[in-house]
**Q** 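Encoded as structure tokens, here's the structure I'll be asking about.
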Amino acid sequence: MKFEKVGVLGTGQMGAGIAQVAAKAGCAVLMADISLDIAEKAKDKIGKQLKKAITKGKIDQTEADRILAHLTPVESVDAFDRVDIGIEAATENIGLKLELFKRMDDALKPGAVLATNTSSISITLLAAATKRPDRVVGMHFMNPVPVMKLVEMIKGLQTSDETFEAVRTLAEDWGKTTTSSADYPGFMVNRLLIPYLNEACSALMEGVGTISDIDESIKLGLNHPMGPFQLADLIGLDTVLAIARVLHNGFADPKYRPNALLVKYVEAGWLGRKTGKGFYTY
Ligand SMILES: NC(=O)c1ccc[n+]([C@@H]2O[C@H](COP(=O)([O-])OP(=O)(O)OC[C@H]3O[C@@H](n4cnc5c(N)ncnc54)[C@H](O)[C@@H]3O)[C@@H](O)[C@H]2O)c1
């Protein structure tokens with residue numbers, strides 16, 4: 001399988017990052033979101049980040065121009081008819097992803113691969129919504145995509161070995177290191193991360209420490225680059241809660257019950273960095 005043309009569906013923080021990494025590796029990338037305007041804004045944002053990288057001496061203008069020239073915002077997923085792989089990176093919601101997978105399945109040519117950047121949702125379930133279940137795979141990038149090395153690869157029950165290995169090789173060609181996870185809720189990274197972030201919210205709610213005390217304790221005490229609230233704000237509290245719900249429902253185990261304070265923050269629209277306010281104000 002050759003992946004020269006890539007379609008990225010959902011151009012938020014993760015989709016934009018995936019598009020940038022694919023373009024840097026030389027792929028022609030189509031970017032689609034709810035509207036052309038949103039996809040165009042995502043490309044502008046990438047442009048701004050590349051400018052910052054030039055200022056820091058990490059890349060030069062030619063390289064930035066080359067990356068941007070490989071990125072084409074499009075009106076909708078219907079423009080993905082020529083891509084070799086569609087990577088879905090829309091909001092973490094099962095109903096939405098099922099709908100988008102059906103749309104990608106209709107739009108993409110036979111033989112093309114459908115990948116998802118979902119943090120927790122069953123690859124097997126998404127694959128079953130398509131007419132090409134053997135060509136569906138989990139490709140879980142980390143945030144921020146251009147910086148973080150890992151791509152957690154997830155094989156659904158129906159994913160063929162050929163698809164899995166081809167997409168794993170693609171991620172490695174894009175400069176990433178891959179690991180392989182079975183298809184259970186949250187896979188490996190979020191199975192461990194989300195209960196930890198959820199527990200930090202419980203500790204805060206019980207008054208064990210302040211936001212800054214808890215963050216500082218974890219950073220200095222465990223040598224983590226960020227505390228749990230800084231990390232939750234970076235991920236997006238809506239995404240953290242959505243993953244917590246997938247773990248809670250998927251395992252039917254009360255130990256994964258989402259914390260009530262986390263639910264309140266999401267109800268308030270305090271989603272973290274992307275809305276300017278979460279546990280911290282930006
Ligand atoms: N945030 C993280 O740290 C992180 C890390 C790894 C994986 N993920 C996963 O990546 C995916 C995206 O997360 P994000 O952090 O980029 O979220 P985000 O909120 O930044 O972006 C979501 C994007 O999806 C778009 N979208 C919503 N409905 C759509 C539709 N019907 N059609 C097309 N686009 C639609 C939104 O407009 C938005 O641009 C989720 O599945 C999430 O679980 C997130």
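Numbering of ligands and ligand atoms starts at 1, following listing order. Everything numeric in this text was worked out from a predicted model, so none of it was measured.
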**Q** So which protein heavy atom does atom 27 (C) of ligand 1 come closest to, and at what separation?
**A**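 Protein heavy atom at minimum distance: Thr91 OG1, 3.3 Å.
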**Q** Provide the number and element of each atom of ligand 1 under 4.0 Å from a heavy atom of Thr118.
**A**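 What qualifies from ligand 1 is 41 (O).
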**Q** For atom 41 (O) of ligand 1, what is the nearest protein heavy atom, given as residue, atom name and distance?
**A**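 Protein heavy atom with the smallest distance to atom 41 (O) of ligand 1: Glu92 OE1, 2.5 Å.
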**Q** Is Asp233 reaching over with its side chain to a backbone N or O of Tyr280, donor-acceptor style, under 3.5 angstrom?
**A**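 Between the backbone of Tyr280 and the side chain of Asp233 there is a qualifying donor-acceptor contact (under 3.5 Å).
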**Q** Is a donor on one side and an acceptor on the other found under 3.5 Å between the side chain of Glu88 and the backbone of Ala90?
**A**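 Yes, the answer is positive, given that a donor and an acceptor are paired below the 3.5 Å cut-off.
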**Q** Closer than 3.5 angstrom, by distance alone: can the side chain of Asp183 be matched with the main-chain N or O of Thr124 as a donor-acceptor pair?
**A**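 Yes, Asp183 side chain to Thr124 backbone: donor-acceptor pair under 3.5 Å.
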**Q** When you measure from the side chain of Arg66 to the backbone N and O of Lys24, does any donor-acceptor pair fall under 3.5 Å?
**A**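 Checking the backbone N and O of Lys24 against the side chain of Arg66, a donor-acceptor pair under 3.5 Å is found.
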**Q** Under 3.5 Å, N or O to N or O, is His140 touching ligand 1 that way?
**A**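 No.
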**Q** Heavy atoms only: which of Pro144, Gly272, Ser119 lies closest to atom 43 (O) of ligand 1?
**A**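 Ranked by closest heavy atom to atom 43 (O) of ligand 1, first place is Ser119.
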**Q** So for ligand 1, is Asn117 a polar contact partner (N or O within less than 3.5 Å, distance only)?
**A**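 N/O-N/O distance under 3.5 Å: yes.
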**Q** Compare all side-chain heavy atoms of Leu9 with those of Arg103 and state whether any distance is below 4.5 angstrom.
**A**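 No, too far: nothing below the 4.5 Å cut-off.
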**Q** Distance under 4.0 Å to a non-hydrogen atom of Asn143: what atoms of ligand 1 satisfy this?
**A**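 Under 4.0 Å from Asn143, ligand 1 has these atoms: 1 (N), 2 (C), 3 (O).
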**Q** What's the shortest distance from atom 28 (N) of ligand 1 to any protein heavy atom, and which residue and atom give it?
**A**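 Its nearest protein heavy-atom neighbour is Leu96 CD2, 3.6 Å.
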**Q** Using distance alone, decide if ligand 1 has a nitrogen or oxygen within less than 3.5 Å of any nitrogen or oxygen in Phe141.
**A**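 No - when backbone and side-chain N and O of Phe141 are compared with those of ligand 1, no distance drops under 3.5 Å.
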**Q** Tell me: protein heavy atom nearest atom 26 (N) of ligand 1, and distance?
**A**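 It is Asp33 OD1, 3.8 Å.
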**Q** Sub-3.5 Å donor-acceptor pair from the side chain of Thr281 to the main-chain atoms of Lys277, do we have one?
**A**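 Judged by distance alone, no pair lies under 3.5 Å.
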**Q** Of all the non-hydrogen atoms in the protein, which one sits nearest to atom 20 (O) of ligand 1, and at what distance?
**A**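 Going by distance alone, atom 20 (O) of ligand 1 is nearest to Gln13 N, 3.1 Å.
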**Q** Taking Ile87 as the starting point, is it possible to reach Ile46 by hopping between hydrophobic residues whose side chains are less than 4.5 Å apart?
**A**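 Yes, Ile46 and Ile87 fall within the same hydrophobic cluster.
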**Q** Leu71 versus Met31: any side-chain heavy-atom pair under 4.5 Å?
**A**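 Yes; the side chains approach each other to less than 4.5 Å.
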**Q** Are side-chain heavy atoms of His140 and Met153 found at a separation under 4.5 Å?
**A**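 Answer no - side chains too far apart.
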**Q** Please identify which atoms of ligand 1 are closer than 4.0 Å to at least one heavy atom of Lys97.
**A**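 With Lys97 as reference, the close atoms of ligand 1 come out as 40 (C), 41 (O).
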**Q** Just to confirm my output: which protein heavy-atom neighbour is closest to atom 18 (P) of ligand 1, and how far is it?
**A**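 Atom 18 (P) of ligand 1 sits closest to the protein heavy atom Lys274 NZ, 3.8 Å.
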**Q** Check Glu40 with Lys43, please: is the shortest side-chain N to carboxylate O separation under 4.0 Å?
**A**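 Not counted as a salt bridge, because no side-chain N and carboxylate O are separated by less than 4.0 Å.
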**Q** Looking only at distances, please establish whether an N/O atom of ligand 1 is found under 3.5 Å from an N/O atom of Ala90.
**A**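 Yes: some nitrogen or oxygen of Ala90 is under 3.5 Å from one in ligand 1.
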**Q** Compare all side-chain heavy atoms of Phe3 with those of Cys27 and state whether any distance is below 4.5 angstrom.
**A**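 Contact flag for Phe3/Cys27 side chains = no.
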**Q** Determine yes or no for a side-chain-to-main-chain donor-acceptor pair under 3.5 angstrom, with Arg132 supplying the side chain and Ala112 the backbone.
**A**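 The answer is yes, because a donor-acceptor pair under 3.5 Å joins these two groups.
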**Q** Heavy atom of Glu88 under 4.0 Å from ligand 1?
**A**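 No.
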**Q** With a cut-off of 4.0 Å, which atoms of ligand 1 are near a heavy atom of Thr239?
**A**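 So the atoms of ligand 1 that pass are 42 (C), 43 (O).
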**Q** Using non-hydrogen atoms of the residue, decide whether Gly236 is closer than 4.0 angstrom to ligand 1.
**A**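 It does not, in that no heavy atom of Gly236 comes within the 4.0 Å cut-off of ligand 1.
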**Q** Considering non-hydrogen atoms of the protein only, which is the closest contact for atom 32 (N) of ligand 1, and what is the distance?
**A**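 Looking at atom 32 (N) of ligand 1, the protein heavy atom closest to it is Leu100 CD2, 3.8 Å.
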**Q** Classify the contact between Glu99 and ligand 1 as side chain, backbone, both or neither, using a heavy-atom distance cut-off of under 4.0 Å.
**A**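 None of Glu99 does.
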**Q** Between Gln158 (side chain only) and Val136 (backbone N and O only), is there a donor and an acceptor less than 3.5 Å apart?
**A**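 No, Gln158 side chain to Val136 backbone: no donor-acceptor pair under 3.5 Å.
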**Q** In the protein, which heavy atom is nearest to atom 21 (O) of ligand 1, and how far is it?
**A**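 For this ligand atom, the closest protein heavy atom is Gly12 CA, 3.3 Å.
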**Q** Answer yes or no: does an N/O atom from Met14 fall short of 3.5 Å to an N/O atom of ligand 1?
**A**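 The answer is yes, given that Met14 and ligand 1 share an N or O pair closer than 3.5 Å.
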**Q** Quick one: which ligand 1 atoms are inside 4.0 Å of a heavy atom on Ala89?
**A**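 Listed by number with element: 11 (C), 12 (C).
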